[in-house]
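Working notes, beginning with the structure itself.
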Amino acid sequence: MSDDAMKNMENKIEQAAGAVRHVLKTTPDVLLVLGSGLGTLAGQVESPQILPYDEIPGFPRATVPGHAGRLVMGRWSGRQVAVMQGRFHYYEGHPMHDVVLPVRVMQHLGVPRLLLTNAAGGVNQVFRPGDLMLIKDHIGLLAESPLRGANLDRIGPRFPDQSHVYDPDWQQLALRCAAGLDIALHRGVYCWCRGPQFETPAEIRALAALGADAVGMSTVPEAIAAVHGGMKVLGLSCITNMAAGILDQPLTHEEVMQVGAQAADKTIRLLSEILSRTDS
Ligand code: HPA
């Protein structure tokens, strides 16, 4: 990013933040991003203020079926939340700084926490479709960084530490919440692949050897940008299918959506408990 491009980016963040601030009553405690098949979770928000992405200047359009494309703001479990019903993926063709624009906008507005959900393929063979996995760390080195180009010095350092992308205390809280609700929650490493094609069996064997437990096409850019700007991050994957080559069956987006929807109830119970016990 040139200096001009950086200035443009800063203006873009400010303009989008202005549109969001216009409808916000209170600064959200948490930005919650809903993954494929989990869009209905936005229905949990009480007295929602709804802002379609096309009313936010500079926001790209969400093009993927199952990603509604709007920001839903209000209360959930006693917390003030902004829920992204639909996220931007790199595979849709968006530049990386647009993929993370919502995170930048919420940072600008002073939102301290980011809770990322996604649909993912299970690489760890102990997992089953419908299981939930708390992300303990990620592998993001297979794709471009959202921090490439001139650094937004006002937001964070040029070379940000990534030792604890997913906040250790928040993870412990999530594990306690799951145990209290008797919901099985795996903990593992999420690997980001660019997509949109699903991986090949050989790629999945390679990722397993690298230490991946689950694979998906989102989350990592948002987490990197969030930590860069000092937000606390939590990541929750819904394992919607076993990754390529593990079962002898083709992978489809329909299956991802369907299994995500089936796991929605338990995901809602877990997220509600986590939100109610998260510091505001
Ligand atoms: N691979 C990549 N992304 C995914 C998968 C998968 O198997 N399942 C859901 N999102």
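Every number for a ligand or one of its atoms is a count from 1 in the order of the listing.
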Given Leu236, Leu134, Leu234, Leu175, the one that forms side chain to side chain contact (heavy atoms under 4.5 Å, CB included) with Ile274: Leu234
Structural part of Ala120 in contact with ligand 1, heavy atom criterion under 4.0 angstrom: backbone
Proximal ligand 1 atoms for Thr240, defined as those under 4.0 Å from one of its heavy atoms: 8 (N), 9 (C)
Steps toward side-chain contact (heavy atoms from CB on, under 4.5 Å) verdict (Met96, Leu147): CA-CA 8 Å; Met96 285 300 280; Leu147 308 183; over 6 Å; no
Residue pair Leu109 / Arg21, side-chain heavy-atom distance below 4.5 Å: yes
Pick from Ala119, Pro196, Gly122, Gly121: the one approaching atom 5 (C) of ligand 1 most closely through a non-hydrogen atom: Gly121
Test item, Cys193 contacting ligand 1 (heavy atom, 4.0 angstrom): no
Atom 4 (C) of ligand 1 - nearest protein heavy atom and its distance: Val215 O, 3.8 Å
Atom 3 (N) of ligand 1 [closest protein heavy-atom partner, distance rounded to 0.1 Å]: Gly216 CA, 3.3 Å
Any side-chain donor near an acceptor of the partner, Asn118 and Ser237, under 3.5 Å: yes
Protein heavy-atom partner closest to atom 1 (N) of ligand 1 - residue, atom, separation in Å: Glu199 OE1, 2.8 Å
Evaluation steps, salt bridge (charged side-chain N to carboxylate O under 4.0 Å, His left out), between Arg277 and Glu273: CA-CA 6 Å; Arg277 292 169 61 179; Glu273 186 70 9; 3.4 Å; yes
side-chain contact (heavy atoms from CB on, under 4.5 Å) between His138 and Cys191, intermediate numbers included: CA-CA 6 Å; His138 71 222; Cys191 179; over 6 Å; no
Parallel, tilted or perpendicular: rings of Tyr90 and Trp192 (30°, 60°): perpendicular
Asn241 contact mode with ligand 1 (heavy-atom cut-off under 4.0 Å): side chain
Under 4.0 Å to a heavy atom of Leu251 - the qualifying atoms of ligand 1, by number: 7 (O)
